[in-house]
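First up is the structure itself, then whatever we jot down about it.
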Amino acid sequence: VKSNHPLTDATISASAFASTSAFTNASTNAFTSASASTAIISTKRTMKRMASYRLHNTKKVQLKRWCKENGLSTLGTDDDMKWRLRHWVDLYNAECDAMNPRPKKILVKELEKRERDEKNAKRRRTPDKVHL
């Protein structure tokens, strides 16, 4: 086998080439076994990203249908359901990017907790009505 090195035109014997390629294969196998395990972990990602919903001028019936499809609560006003859907898409898509995504059931619980916290924070921010 002829060397393509610009400084030499020396030929490498077949046995030297074979031992060099064997060394290269052995050294890359050490790296590929480590990267193979990370490849196995990364193939665990089975969740597909979700497109965002067009929520402007959407009827309550459609909002309820979308909430129900995703396992979310259908109670509340239109604004409550829009908030839920908007934040659901963000939470779900963020979980799709995770190495070990949490199950959908846990994500729904997380969203319910966030909604409760948000409502409690709003109550604390708004002053009580003063009756005169």
Side-chain angles (χ1 to χ4, degrees):
V1 177
K2 225 173 194 195
S3 171
N4 290 329
H5 194 278
L7 299 177
T8 63
D9 276 338
T11 30
I12 301 172
S13 69
S15 63
F17 180 74
S19 65
T20 307
S21 63
F23 172 75
T24 307
N25 288 339
S27 63
T28 55
N29 283 342
F31 292 113
T32 55
S33 64
S35 61
S37 64
T38 56
I40 291 170
I41 292 170
S42 64
T43 57
K44 272 179 128 178
R45 296 187 212 173
T46 56
M47 299 169 69
K48 283 190 171 184
R49 292 182 65 82
M50 182 183 295
S52 60
Y53 293 101
R54 292 181 179 244
L55 300 173
H56 184 67
N57 288 337
T58 306
K59 305 246 187 242
K60 191 167 188 168
V61 175
Q62 183 64 40
L63 293 171
K64 282 187 175 187
R65 185 178 308 133
W66 285 338
C67 285
K68 197 171 190 173
E69 285 173 0
N70 291 299
L72 306 174
S73 172
T74 57
L75 300 175
T77 64
D78 290 2
D79 290 336
D80 291 339
M81 285 187 277
K82 286 177 183 179
W83 184 94
R84 237 174 258 135
L85 287 166
R86 199 174 307 114
H87 285 82
W88 170 251
V89 171
D90 291 343
L91 181 63
Y92 185 87
N93 286 341
E95 205 63 34
C96 288
D97 297 336
M99 286 299 272
N100 296 315
R102 296 178 288 177
K104 192 175 177 180
K105 197 179 224 181
I106 292 174
L107 297 178
V108 170
K109 294 286 184 192
E110 171 75 21
L111 187 68
E112 289 170 356
K113 182 184 179 305
R114 287 184 187 184
E115 186 175 8
R116 274 193 312 273
D117 292 346
E118 179 80 18
K119 285 184 179 180
N120 289 336
K122 275 186 182 178
R123 282 190 204 124
R124 278 187 247 126
R125 284 191 299 246
T126 55
D128 292 332
K129 292 182 181 177
V130 179
H131 297 286
L132 298 176

Looking at [X] and [Y], what are the two nearest heavy atoms and their distance?
X	Y	answer
L107	R102	CD2-NH2, 3.7 Å
N70	L85	ND2-CD2, 4.1 Å
C67	T74	CB-CG2, 4.0 Å

Run the side-chain hydrogen bond (donor to acceptor under 3.5 Å, both in side chains) test against [X] and tell me which residues pass, sequence neighbours left out.
X	value
K113	D117
E112	none
E118	none

Practice task
Sorted by first residue and then second, give each ring pair (Phe, Tyr, Trp, His ring centres under 6.0 Å) pair with at least one member in residues 56-82; sequence neighbours left out.
Solution key: Y53-W66
Practice task
Any chance you could measure N93, atom CG, to K48, atom NZ, to the nearest 0.5 Å?
Solution key: 13.0 Å
Problem - Nearest-0.5 Å distance that lies between atom CD1 in I106 and atom CG in L91 - result: 11.0 Å
Practice task
Taking the side chain as every heavy atom from C-beta outward, state whether T77 and W83 have any pair of such atoms under 4.5 Å apart.
Solution key: no
Problem - Close side-chain approach of D78 to L55, heavy-atom, < 4.5 Å - result: no
Problem - Cluster overlap M81 with M50, hydrophobic side-chain contacts below 4.5 Å - result: yes
Handout entry: salt bridge (charged side-chain N to carboxylate O under 4.0 Å, His left out) partners of residues 55-70, not counting sequence neighbours, each pair once
Key = none
Exercise for the section: Give every residue pair that meets the salt bridge (charged side-chain N to carboxylate O under 4.0 Å, His left out) criterion with at least one member in residues 81-93, sequence neighbours excluded. Expected result: R84-E115
Practice task
Take D80 and K119, measure what side chain to side chain contact (heavy atoms under 4.5 Å, CB included) needs, and give me the verdict at the end.
Solution key: CA-CA 10 Å; D80 291 339; K119 285 184 179 180; 3.9 Å; yes
